[in-house]
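Reviewing the structure listed below.
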Amino acid sequence: MKTFIASSPHVARVNRVDSIMLQVLLALVPGILAMIWFFGWGLLINILLAVTFAVAAECTVILARGRSPLPAIADLSAVVTAVLFAISVPPILPWWMTLLGMLFAIVLVKQLYGGMGYNPFNPAMAAYVFLLVSYPVAMTNWLTPTMLTEHHLSFTESLRIILDGSLPQGLSWDAVTSATPLDEMRGKLDRNLTMGEIRQSPLWGAFGGRGWEWVAAWFLLGGIYLLWKRIITWHIPVSLLSSLLVCATLFWAIEPQTHPFPAFHLFSGAAILGAFFIATDPVTACTTTRGQIIFGASIGALVYVIRTWGGYPDAIAFSVLLLNIAAPMIDHYTQPRVFGHGGKRG
Amino acid sequence: MAVAHSLIANRRLWTFHGGIHIPDEKSLSNGAPIAPIALPSRLVVPLQQHIGAPARVIVAVGERVLKGQMIAEPTGLVSAPVHAPSSGTLVAIESHPIPHPSGLMAPCAIIETDGEDAWAELPPPMTDYPQLDPELIRERIRWAGVVGMGGASFPTSVKLSPGTDRHIHTLIINGAECEPYISCDDRLMRERSGHIFEGVRIMHHLLGVKQVLIGIEDNKPEAIEEMRLALAETDMHTYTEIVPIPTLYPSGGEKQLIRILTGKEVPTKGIPAQVGIVCQNVGTAAAVADAVLEGRPLVSRVVTVTGRAIANPRNLEVPIGTPASDLIAHCGGYRETPRKLVCGGPMMGFALRDADTPITKATNCVLALTPEESPAPGPALACIRCGRCAQACPANLLPQQMYWHARAKDLDRVQDYNLFDCIECGCCAQVCPSHIPLVQYYRYAKTEIWSREQEKRKSEQARARHAAKQARLERQEQERQAKLRKQKEALAAKAKAQAKPETAAKQQASAASPTETANDS
Ligand code: SF4
Ligand code: SF4
């Protein structure tokens with residue numbers, strides 16, 4: 001490339017990648033605090049571990065390429081990946097699984113494809129799916145929300161579980177863990193229980209899973225903050241949640257005894273988190289406006305399909321990855337009409 | 001006042017995709033009235049200050065020239081003359097840096113001024129122009145060297161003669177001045193509104209349009225008010241409207257302004273006349289009035305000298321050819337060392353390498369930016385495909401895709417993404433969080449494509465030349481052969497002549513035919 005003579009524009013640029021990432025992290029804080037409140041200190045420990053592993057992995061790969069790792073680390077994208085991963089996995093996941101997940105996400109999914117901006121798959125979700133397929137038990141071993149357990153794991157107790165898997169004296173796994181509400185619902189529906197019976201479960205709250213509904217609400221707040229700050233646009237989250245809601249309402253209206261009421265779908269799993277924080281990852285999502293709407297709506301519909309008929313209770317990760325594959329093609333067919341090009345799609 | 005208000009009644013406005021809000025910084029320079037500048041001792045007048053064929057010098061070096069005297073004449077239809085901006089001696093025609101993005105050198109007339117600023121004899125005013133042949137008026141505007149003063153510098157007389165096959169119904173006067181910092185049109189509208197309307201009236205007459213729309217961004221309330229009052233004093237309000245438009249960069253782009261005011265889109269690769277519109281800048285209108293009503297050629301213009309590095313930013317009336325450094329000195333010099341000296345606005349202007357670069361007809365702003373105003377953008381990071389560029393693009397392009405292919409030097413693919421609809425407004429680069437110098441890539445790709453096409457044309461010409469030469473050589477060879485054969489046959493015929501004269505004649509006839517064929521090919 002030729003050397004350029006001083007380029008326009010000549011005034012300060014308005015956006016920076018690192019400040020965008022920082023805003024995303026900031027927007028995650030309320031939801032994270034809520035999760036710590038309901039599920040204990042494990043999440044915080046996981047976040048710290050995941051961030052450390054991710055940054056270390058990224059440094060190592062870039063150093064191995066003989067480049068300075070600082071700019072890549074400073075853009076904070078690895079940190080966002082790590083935090084999203086830690087939020088998605090059970091709060092007492094063994095440390096080495098977090099390490100494995102981060103190596104997978106940063107080395108394989110991100111850096112081997114060329115690093116920031118080049119990876120076709122969302123690294124956090126790819127790592128999540130990789131672990132879920134490899135270690136299904138550990139990856140579904142969720143803690144019971146604090147209001148439903150006698151024993152609240154302390155910071156050191158959580159740390160010990162994560163580091164060597166040992167429970168505090170006199171506690172059994174059953175006492176601290178339980179299925180997620182989505183998981184439990186799937187199990188009971190499979191055993192032909194009706195929604196009315198299932199809703200008796202203590203895991204059910206006002207409009208979603210107990211505890212989960214509040215976590216989702218705080219993530220929603222963070223998502224609205226991102227919209228307000230124009231870090232993300234409405235297209236993906238709104239289309240994703242609307243399509244999920246439409247599917248849920250449709251089937252619930254037809255058969256309310258075997259389908260949960262629609263709000264449950266939004267407020268029980270990772271739908272809100274996924275809609276605002278995961279599917280909106282710019283690198284792996286669609287970039288055209290119409291493409292983003294198709295992208296979001298397809299994820300929403302897929303989440304419903306997988307949750308209802310698929311083999312896994314939650315489906316954000318699978319759906320996002322599937323649509324990651326389709327994103328370039330959707331972009332290609334949804335190019336905007338260029339100014340002055342009549343009705344023709346440019 | 002009542003009339004004035006009815007003139008800005010609720011005209012429907014349209015929007016264009018994208019655009020960005022940027023601090024306009026106009027208050028730096030728009031407070032003080034336009035001031036004259038001390039006559040520089042040396043003027044460097046570029047011979048080509050317009051789009052089209054360069055002008056041909058008609059004055060000999062060493063000759064005395066008078067202010068307003070034509071020193072170079074247009075060569076062709078799309079061309080413009082150049083006049084001496086002041087009286088003095090033409091000391092040289094030489095290469096000098098001109099305001100051009102590439103820092104190009106180009107032939108300039110160097111005039112040493114004599115300080116008298118004596119005018120040449122000017123053609124008579126055409127105050128009775130409505131009675132005159134429109135061709136005469138156009139000829140006058142062409143003679144005066146009026147070109148688009150908003151930056152495009154296309155010869156105005158050409159734009160005012162759109163031909164009989166095109167029905168022009170609307171004249172748009174561009175007073176949007178959407179680039180930050182620049183305020184020369186703002187001051188012009190505040191101080192010389194009457195003059196602008198005279199120019200508008202002439203252009204209205206020449207084009208025979210139904211309506212005239214004057215678009216002004218609403219961050220210039222004083223200019224809007226002044227223009228309204230001035231319009232109310234004329235009889236032009238039956239067909240003229242002052243239309244305040246929302247401040248949104250780049251609403252002053254020709255295609256964007258047309259869209260805002262009329263909802264029409266100029267087709268790709270097309271010109272406004274195709275949708276029945278002609279667009280002129282307010283400064284151009286004033287220059288047209290000068291030319292027609294006063295017989296004065298375009299020898300000076302209003303230039304904004306601004307930026308926080310300038311001690312006293314303001315607008316100056318500057319003879320064409322004045323070095324930028326003179327303007328800066330006239331505004332009290334630098335308050336602090338600028339990081340960048342820019343010709344034009346911060347979004348579309350280009351950095352000057354040399355403060356001696358002269359002002360041309362198209363120079364609307366000299367901008368000296370401090371390091372705080374124009375910090376070095378961080379190192380470009382990878383594109384994170386965030387789509388902010390596409391959201392901001394007024395042409396509704398996909399800048400990240402064009403960048404991707406431009407970087408890979410895949411010039412065909414860049415064109416598939418409509419590179420040539422890019423107006424280089426810089427919105428995409430301004431919002432890119434990865435600080436990728438996107439516009440540079442587009443300029444680079446455009447230049448590459450142009451030069452490649454030129455190469456192709458050249459090599460095609462060369463191939464054609466080569467083929468022609470081959471054919472010629474072949475023909476000559478065949479002719480030579482044929483001649484030889486003929487001579488031989490003639491000799492043989494001579495020998496046999498006594499025996500059989502008819503056969504010889506036949507042979508000669510058949511020998512002649514290949515020569516003819518060779519000549520045909
Ligand atoms: S704004 Fe910059 S980072 Fe975002 S998509 Fe466009 S080029 Fe890529
Ligand atoms: S410079 Fe070109 S691509 Fe960028 S915003 Fe302007 S028109 Fe669009």
Side-chain angles (χ1 to χ4, degrees), chain A residues 1-21 23 68 70-72 74-75 77 114-120 230-233 235-236 280-289 291-292 327-328 331-332 334-344 346, chain B residues 16-17 20 22 101-103 180 255 259 265-270 340 342 346-351 353 367 369 372-375 377-379 381-388 390-391 394-398 400-401 407 409 417-418 421 424 426 429-435 437 439-440 443-444:
Chain A
M1 180 135 289
K2 280 177 193 164
T3 51
F4 291 110
I5 313 117
S7 66
S8 62
H10 303 286
V11 279
R13 307 293 194 273
V14 288
N15 298 310
R16 293 171 60 114
V17 174
D18 52 2
S19 58
I20 290 175
M21 295 294 169
Q23 297 282 343
S68 160
L70 246 174
D75 72 21
S77 60
M116 176 67 161
Y118 295 92
N119 47 300
R230 294 170 194 258
I231 301 295
I232 57 173
T233 58
H235 306 89
I236 293 178
T280 50
D281 165 31
V283 176
T284 55
C286 283
T287 61
T288 64
T289 308
Q292 289 183 344
D331 271 345
H332 183 79
T334 54
Q335 288 173 35
R337 186 190 66 83
V338 174
F339 188 98
H341 278 255
K344 211 176 73 216
Chain B
F16 58 91
H17 177 269
I20 55 175
I22 8 174
S102 64
K255 292 179 174 184
R259 163 84 192 158
E265 277 186 24
V266 179
T268 173
K269 299 189 182 88
K340 251 184 192 173
V342 175
M347 296 302 290
M348 292 181 76
F350 45 87
R353 308 171 174 203
L367 184 59
L369 296 166
E372 291 77 51
E373 288 175 292
S374 179
L381 305 176
C383 167
I384 59 168
R385 298 176 16 100
C386 66
R388 281 175 173 74
Q391 284 162 29
N396 212 359
L397 299 166
L398 293 173
Q400 81 274 27
Q401 302 283 0
R407 211 176 65 127
K409 299 192 182 174
Y417 282 97
N418 301 300
D421 286 306
E424 300 183 15
Q430 185 62 15
V431 298
C432 174
S434 291
H435 298 181
V439 184
Q440 281 184 0
R443 288 198 181 130
Y444 159 80

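Chain letters run A, B, ... following the sequence lines, proteins first and then strands; every chain starts at 1.
When heavy atoms are compared at a cutoff of 4.5 Å, B:Lys255 approaches chain A by way of both its backbone and its side chain. Looking at B:Gln391, the atoms closer than 4.5 Å to chain A (heavy atoms on both sides) all sit in the side chain, from C-beta outward. Contacts of A:Asp281 with chain B are absent, with no heavy-atom separation under 4.5 Å from either backbone or side chain. Contacts between B:Val439 and chain A at a heavy-atom distance below 4.5 Å involve the side chain alone, from C-beta outward. Heavy atoms of B:Ala390 lying under 4.5 Å from chain A are absent altogether. Residue B:Pro394 touches chain A through its backbone alone, counting heavy-atom pairs closer than 4.5 Å. Using a 4.5 Å cut-off between heavy atoms, A:Ala72 does not touch chain B at all.
The backbone N or O of A:Ala285 lies less than 3.5 Å from a partner atom in the side chain of B:Arg385, making a donor-acceptor pair. Although no hydrogens or angles enter the test, the distance criterion places a donor-acceptor pair under 3.5 Å between the side chain of B:Gln430 and the main chain of A:Ala12. Of the possible donor and acceptor atoms, one in the side chain of B:Asn396 sits under 3.5 Å from a partner among the backbone N and O of A:Arg337. Under the 3.5 Å distance criterion, the side-chain polar atoms of A:His10 are left unmatched by any main-chain donor or acceptor of B:Met348.
For A:Arg13, the CZ atom counts as densely surrounded, since its 6.0 Å shell holds more than 12 non-hydrogen atoms of other residues, nucleotides or ligands.
Separating the SG atom in B:Cys383 from the CE atom in A:Met116 is a distance of 9.5 Å, to the nearest 0.5 Å. How far CG of B:Leu397 is from NE2 of A:His341: 7.5 Å, rounded to the nearest 0.5 Å. Note that CE of A:Met21 is 5.0 Å distant from CD1 of B:Ile384, once rounded to the nearest 0.5 Å.
Between chain A and the residues B:Gly270, B:Pro379, B:Ala429, B:Gly387, the most heavy-atom pairs under 4.5 angstrom are made by B:Ala429. Interface remark: of the candidates B:Leu398, B:Leu381, B:Ile22, B:Leu398 forms the most heavy-atom pairs closer than 4.5 Å to chain A.
The heavy-atom pair separating A:Val11 from B:Pro346 by the smallest distance is CG1-CB, 3.8 Å. Closest approach of B:Glu265 and A:Phe339 over heavy atoms only: OE1-C, 3.7 Å.
For the side chain to side chain contact (heavy atoms under 4.5 Å, CB included) criterion with B:Arg388, the lone passing option out of A:Val14, A:Thr233, A:Ile20 is A:Ile20.
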